[in-house]
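Side chains are part of it too, since the values below use all heavy atoms of this structure and drop only hydrogens, waters and symmetry mates.
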Amino acid sequence: GRLAASELFSIQDEITQHVVARLADNYGFIKRTLLKESNVKRTDDLEVYDAILRYGQWAASFNPKLFTLARSALERAVTIEPDYALPVAMLSDMYSSDYQQGYDQVDNPLENAVRLANRALDLDANCQTAYWALAQYYFLKREAGQFEYVAKKILPLNPVNPYMNVSVGLLTAMAGDLEGGLELMHKAVQLNPYSPRWYRIVPYMIAYKQGDYEAALAEALQLNIPNCLWDPMLRAAAYGKLGRRKEGQAALKELLSVQPAFAVQRLRFMRALLFSDEAVAAITDGLVASGLSLADK
């Protein structure tokens, strides 16, 4: 195209950002290629960078088996290089996710998560993943002020990190700023189309809140994270609101197969994603319409 000389540097910067994002992000070409090599190694042969790759693989899929492999690898990594902030921060994130997803593989997951996040920040005050881990801890503890304070520190450290844009975008949206979260997620996808599919949760919540349940269902059907309880939970809620009870019941059955404890710990799992009680009540209405019994906690 025809460009003024004054625009050339900005175009160059934009191209650079896209190239770096698609190559070096958690879901970039380089890490996806290296992961193929790492997957053929035994867990007890993994070194620190292999553990970091395993973390990225789990974060893309929410597969509980991959969680176990990645957690074990990172726990070994932080003993090999105890002064390296990144694997310490990633392990903090995994411990929070142990609570969030109900894997229940870790004793006192949130207490250990905040300890590791603060340790990572002590090791490296500019570690973006450490701030993310600390923000997630405050989100799960439902401490809104602390979450917002820490979350604001994350992206300035590396504004063109697609994984952090999509991660911060999700929690920002769930904490109440749906449009702001969606903007961050759009930026992430523009930088790297391989961003995790759970970015669909935000447009789902916007459509659901507006009462556009067809649009919400369309977003839920594109999640495609079958090992994560959020996928069938959001589908079941949308089906319920649309009066498609048979499909809603099938989604509820899938939800309970992914996370059997949901039947008795509904609020724990819902509040780990939905920050406000209003959002919890709205999704619960859809689940009840699909056949969920509220004889749970």
Side-chain angles (χ1 to χ4, degrees), residues 21-43 46 49-77 86-87 89-106 109 113 129 132-133 136 140 161-171 174 185 188-189 191-204 219-236 251 254-262 269 272-273:
R22 296 188 186 198
L23 289 176
D25 183 45
N26 274 8
Y27 304 99
F29 178 79
I30 292 174
K31 288 192 176 180
R32 284 185 285 116
T33 300
L34 291 172
L35 183 58
K36 293 178 182 178
E37 300 173 5
S38 176
N39 277 337
V40 302
K41 298 180 181 180
R42 299 188 321 173
T43 302
L46 295 178
Y49 193 63
D50 293 294
I52 291 171
L53 292 173
R54 291 293 177 101
Y55 165 86
Q57 184 186 32
W58 164 77
S61 67
F62 284 88
N63 186 307
K65 292 181 180 178
L66 294 178
F67 177 88
T68 303
L69 291 173
R71 177 184 56 79
S72 298
L74 281 171
E75 286 174 342
R76 182 168 181 268
L86 183 58
M90 288 178 168
L91 188 58
S92 170
D93 179 32
M94 296 207 77
Y95 283 178
S96 287
S97 296
D98 179 82
Y99 172 84
Q100 183 184 58
Q101 296 297 319
Y103 299 136
D104 293 336
Q105 297 182 17
V106 180
T129 304
W132 156 252
Q136 181 173 226
L140 292 173
N161 181 334
Y163 179 72
M164 282 300 163
N165 273 276
V166 76
S167 299
V168 175
L170 175 62
L171 295 196
M174 293 301 99
M185 292 197 153
V189 175
L191 287 168
N192 183 7
Y194 290 102
S195 294
R197 299 193 66 80
W198 37 262
Y199 77 85
R200 296 282 181 182
I201 293 173
V202 177
Y204 171 97
E219 295 292 345
L221 291 173
Q222 294 181 76
L223 276 174
N224 194 29
I225 43 175
N227 299 295
C228 176
L229 65 95
W230 300 338
D231 185 333
M233 181 183 79
L234 297 180
R235 277 189 280 119
E254 183 182 342
L255 169 60
L256 294 175
S257 70
V258 171
Q259 180 45 264
F262 190 90
F269 292 116
L273 174 66

Give me the atom names and distance for the closest heavy-atom approach of Ser257 to Pro260.
O-CD, 4.1 Å
Any donor-acceptor N/O pair, Gln259 side chain to Ala261 backbone, under 3.5 Å
yes
Do the side chain of Asn165 and the main chain of Asn161 share a donor and acceptor less than 3.5 angstrom apart?
yes
Where the side chain of Tyr199 meets the backbone of Leu170, is there a donor-acceptor pair that is under 3.5 Å apart?
no
Look only at the side chain of Asn63 and the backbone of Asn227, and say whether a donor-acceptor pair between them is shorter than 3.5 Å.
no
Tell me the closest heavy-atom pair linking Ala51 and Ala77, and the distance in Å.
CB-CB, 3.9 Å
Looking at Met164, is its backbone amide N or carbonyl O close enough to the side chain of Ser167 to form a donor-acceptor pair, meaning the two atoms are under 3.5 Å apart?
no
Please round to the nearest 0.5 Å and tell me the distance separating atom CG of Leu140 and atom OG of Ser97.
8.0 Å
Look at the aromatic rings of Phe62 and Trp198 and report parallel, tilted or perpendicular, splitting at 30° and 60°.
perpendicular
In short, Tyr204 meets Leu234 closest at the heavy-atom pair OH-O, 2.7 Å
Rounded to the nearest 0.5 Å, what separation is found between the OG atom of Ser72 and the CE atom of Met94?
9.0 Å
Heavy atoms of Pro162 and Ala188 approach each other most closely as O-CB, 3.3 Å
At their closest point, which heavy atom of Val202 faces which heavy atom of Met185, and how far apart are they?
CG2-SD, 3.3 Å
Test: Arg235 and Asp231 ion pair at under 4.0 Å
yes
Hey, does Leu223 have a side-chain heavy atom less than 4.5 Å from the side chain of Ile201?
yes
Using side-chain heavy atoms (C-beta onward) and a distance below 4.5 Å, is Trp58 in contact with Pro64?
no
Mind checking what makes side-chain contact (heavy atoms from CB on, under 4.5 Å) contact with Glu75, not counting sequence neighbours?
Arg71, Leu91, Tyr95
Looking only at heavy atoms, which two atoms of Val258 and Leu229 are closest? And how far apart?
CG1-N, 3.8 Å
From CA spacing to verdict: side chain to side chain contact (heavy atoms under 4.5 Å, CB included), Trp230, Gln100:
CA-CA 11 Å; Trp230 300 338; Gln100 183 184 58; 3.6 Å; yes
Under 3.5 Å side-chain donor-acceptor pair for Asp104 and Tyr99:
no
Are any of the side-chain heavy atoms of Gln136 and Ser92 separated by less than 4.5 Å?
no
When rounded to the nearest 0.5 Å, the distance separating CE of Met90 from OG1 of Thr129 is 5.0 Å
Point-to-point distance, once rounded to the nearest 0.5 Å, from CG of Asp98 to CG of Asp93
11.5 Å
Quick one: does Gln57's side chain have a donor or acceptor within less than 3.5 Å of a partner on Leu66's backbone?
no
Apply side chain to side chain contact (heavy atoms under 4.5 Å, CB included) to the pair Met233 and Phe269, showing each step before the final yes or no.
CA-CA 10 Å; Met233 181 183 79; Phe269 292 116; over 6 Å; no
Leu191 side, atom CG; Tyr163 side, atom OH - distance, nearest 0.5 Å
15.5 Å
